[in-house]
Amino acid sequence: MRNWNVLAALLAVALVVPTSFAQSTDSVSKDLQALKSRVAALEVENSALKGANDGTALEGQVNALAERFSVGSAAPKVTFSGEFRSRYENFDDGFADGLGGSNDRIWGIENRALVGFGYDVGNGISFQLDVEAFSVVEAFKDSGSSFSFPGWTLGQNGGSDALAIGVYQAYSNWMNFLGLNGLSARIGRQEIKFGNQFAFGVDDWDFGTATDAINFGYSTESFAIALIYILNNGFGSDHNQSYLLHAALKSLKDMTVEAYYQSADNNLSPLDNDRYGAHFAGCFGGLGFDANLDVQENSVSGDDTFAWEANVNYDINKELGLFARAYQAETGYIFTGNRHSNTGYRARYGLADVLPTSSGSSDVSILQVGAAMACGSGWTAGATIALFDQDADDSGASEVDLWAEHACADNATLGGGIAFLSPDVGDSATFVYIQARIAF
């Protein structure tokens, strides 16, 4: 009996233990399967979240926002520039129109405000828009009248002298034009300038010269060439168009060599007849040299007229520099450049420069020497002497200029000067000016 009881107990254990183990393994297996399913679900969810917040996509969105508002960065898409000039002049005698006259100016105010906006489209394509407001107000001694150039004047806010804003430049730039490396195009209203702006320039105190043009250029490390189609303002058959070919050699060390030829069509005046010339500039051991030759054809008379200019400058040290200029124009030559002076220092717009450079009915020649000196604490001062002579009686004159200018900030200057003008015949004159300039 006891043996049967033991056997029964053993049989019971043999039956219960495997069943218990089977139940336990089954439960663990179910739990593991549930855990695997949960992990798989979490992986799918995490993958979806990563896809929705991909780092590359997020970075792209951030960069897009940054580019929209990047102004003044290292590679900005939007750029702003501008300049403000204001100058007051006073004469104690009539000499402002060159060499005297019946309506001599006794005072004048000249203002210009220019604001530019640029946008980089990408792939070498950009757009530039410059708007300006300017004015010239003058009072004359003999007639008692005054003259006001449309624009705005200090002290007035209505009538014909109210603030008038016009488009100065509006053009697009295309680099690597049509996919060709080195080829460029500038299309729209733009400045035409090169060299030291003797023949084609925009360095004028009141306002520069911009015209509608298409400028195709090709440049390498050795040379640059440009073909410019210029369309001046006009109506109907009175329009005036010309083609300007300009080439520059860039391979010579410390030298600039340029040449140009302009062919005019349907001329409005001898000013725009065919012309050609050259510009050379170089530096030889601290001595700078700059020369121009400009030849103008006259379709009316059939004669060619020319002018040449030579500038030499030498810096004795960092504080003191000397310069000299010689200029001669043949009878009938029409000067088109509008540089106010040739000092090359901050007072570029500072000299009186009333001596005429268009020759008119007889040859003219000018000799000018001067010096400029850095005085410390942002001050610069200088002096020039100019002698003028024309191949006609009573047509000589001299001009002595003294000027000083203070750099109040990196892009802001205040200055003034005085000029003594002495014609061979007639009364001498004194010209005084103060001026302010801000550029950004």
Side-chain angles (χ1 to χ4, degrees), residues 71 78-89 105 107-121 125-139 145-174 185-194 197 199-215 228-236 238-242 244 264 268-269 271-272 334-340 348-349 411-412 433 435-440:
V71 178
V78 178
T79 57
F80 292 97
S81 59
E83 184 178 16
F84 170 76
R85 311 172 189 166
S86 184
R87 177 158 113 168
Y88 173 80
E89 305 168 348
R105 184 173 56 170
W107 62 265
I109 301 175
E110 301 172 342
N111 302 296
R112 186 194 189 199
L114 178 70
V115 177
F117 164 82
Y119 184 77
D120 184 0
V121 179
I125 303 173
S126 61
F127 172 76
Q128 180 70 31
L129 173 66
D130 295 336
V131 296
E132 70 171 350
F134 58 87
S135 68
V136 179
V137 183
E138 299 174 339
S145 63
S146 63
F147 167 79
S148 177
F149 201 92
W152 102 96
T153 59
L154 299 178
Q156 299 188 30
N157 59 4
S160 61
D161 295 323
L163 179 63
I165 298 176
V167 174
Y168 176 59
Q169 289 192 112
Y171 61 83
S172 58
N173 270 328
W174 305 74
R186 175 172 291 185
I187 304 172
R189 177 164 289 270
Q190 58 191 275
E191 296 177 332
I192 305 297
K193 59 181 179 179
F194 52 80
Q197 304 192 37
F200 297 87
V202 298
D203 277 346
D204 186 74
W205 172 264
D206 304 318
F207 52 92
T209 303
T211 186
D212 296 318
I214 303 176
N215 186 339
I228 309 172
Y229 169 71
I230 303 172
L231 179 62
N232 295 332
N233 293 332
F235 300 94
D238 292 332
H239 73 279
N240 188 17
Q241 59 186 3
S242 64
L244 175 62
L268 293 178
S269 69
L271 176 65
D272 291 312
I334 302 174
F335 183 73
T336 60
N338 47 16
R339 291 174 298 140
H340 258 257
R348 180 182 61 186
Y349 301 112
N411 298 314
Y433 71 88
Q435 63 187 25
R437 287 188 288 139
I438 297 175
F440 61 91

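Numbers here are sequence positions counted from 1. All heavy atoms count here, side chains included; hydrogens, waters and symmetry mates do not.
Looking at every heavy atom in both residues, Tyr168 comes nearest to Ala210 through O-CB, 3.2 Å.
Residues Leu114 and Asp130 meet the side-chain proximity criterion, which asks for heavy atoms closer than 4.5 Å. Contact check for Phe117 versus Val131: no side-chain heavy atoms found under the 4.5 Å cut-off. Contact check for Phe127 versus Asn173: no side-chain heavy atoms found under the 4.5 Å cut-off. Taking the side chain as every heavy atom from C-beta outward, Ser126 and Arg186 never approach each other to under 4.5 Å.
The distance from atom OH of Tyr433 to atom CD of Glu89, rounded to the nearest 0.5 Å, is 9.5 Å. For the atom pair CD1 (Ile214) and OH (Tyr229), the distance works out to 7.5 Å, reported to the nearest 0.5 Å. Rounding to the nearest 0.5 Å places OG1 of Thr211 at 10.5 Å from CD1 of Ile228. Here Arg437 contributes atom CZ and Glu83 contributes atom CD; the two are 7.0 Å apart, rounded to the nearest 0.5 Å. Interatomic distance, Leu244 CG to Phe194 CZ, rounded to the nearest 0.5 Å: 5.0 Å. The CD1 atom of Ile230 sits 5.0 Å away from atom CD1 of Ile192, with the distance rounded to the nearest 0.5 Å.
Here Tyr88 pairs with nothing under the ring-ring contact (aromatic ring centres under 6.0 Å, His included) rule; sequence neighbours left out. Judged as a side chain to side chain donor-acceptor pair (under 3.5 Å), and not counting sequence neighbours, Asn215 has no contacts.
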* To do: For side-chain contact (heavy atoms from CB on, under 4.5 Å), just list the numbers for Gln435 and Arg85, CA-CA rounded to whole Å, side-chain angles, deciding distance to a tenth of an Å, and then say yes or no.
  => CA-CA 7 Å; Gln435 63 187 25; Arg85 311 172 189 166; over 6 Å; no
* To do: Please step through salt bridge (Lys or Arg N to Asp or Glu O under 4.0 Å) for the pair Glu110 and Arg112, ending with a clear verdict.
  => CA-CA 7 Å; Glu110 301 172 342; Arg112 186 194 189 199; over 6 Å; no
* So Ile187 and Tyr171, side-chain contact (heavy atoms from CB on, under 4.5 Å) or not? Walk me through it. -> CA-CA 5 Å; Ile187 304 172; Tyr171 61 83; 6.0 Å; no
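Side-chain N or O atoms of Thr79 include none that pairs as donor or acceptor with a backbone N or O of Tyr119 at under 3.5 Å. For Gln190 (side chain) and Ala213 (main-chain N/O), a donor-acceptor pair under 3.5 Å exists by modelled atom type.
Side-chain contact of Asn111 with Ser86: a donor-acceptor pair under 3.5 Å is present, judged by distance alone.
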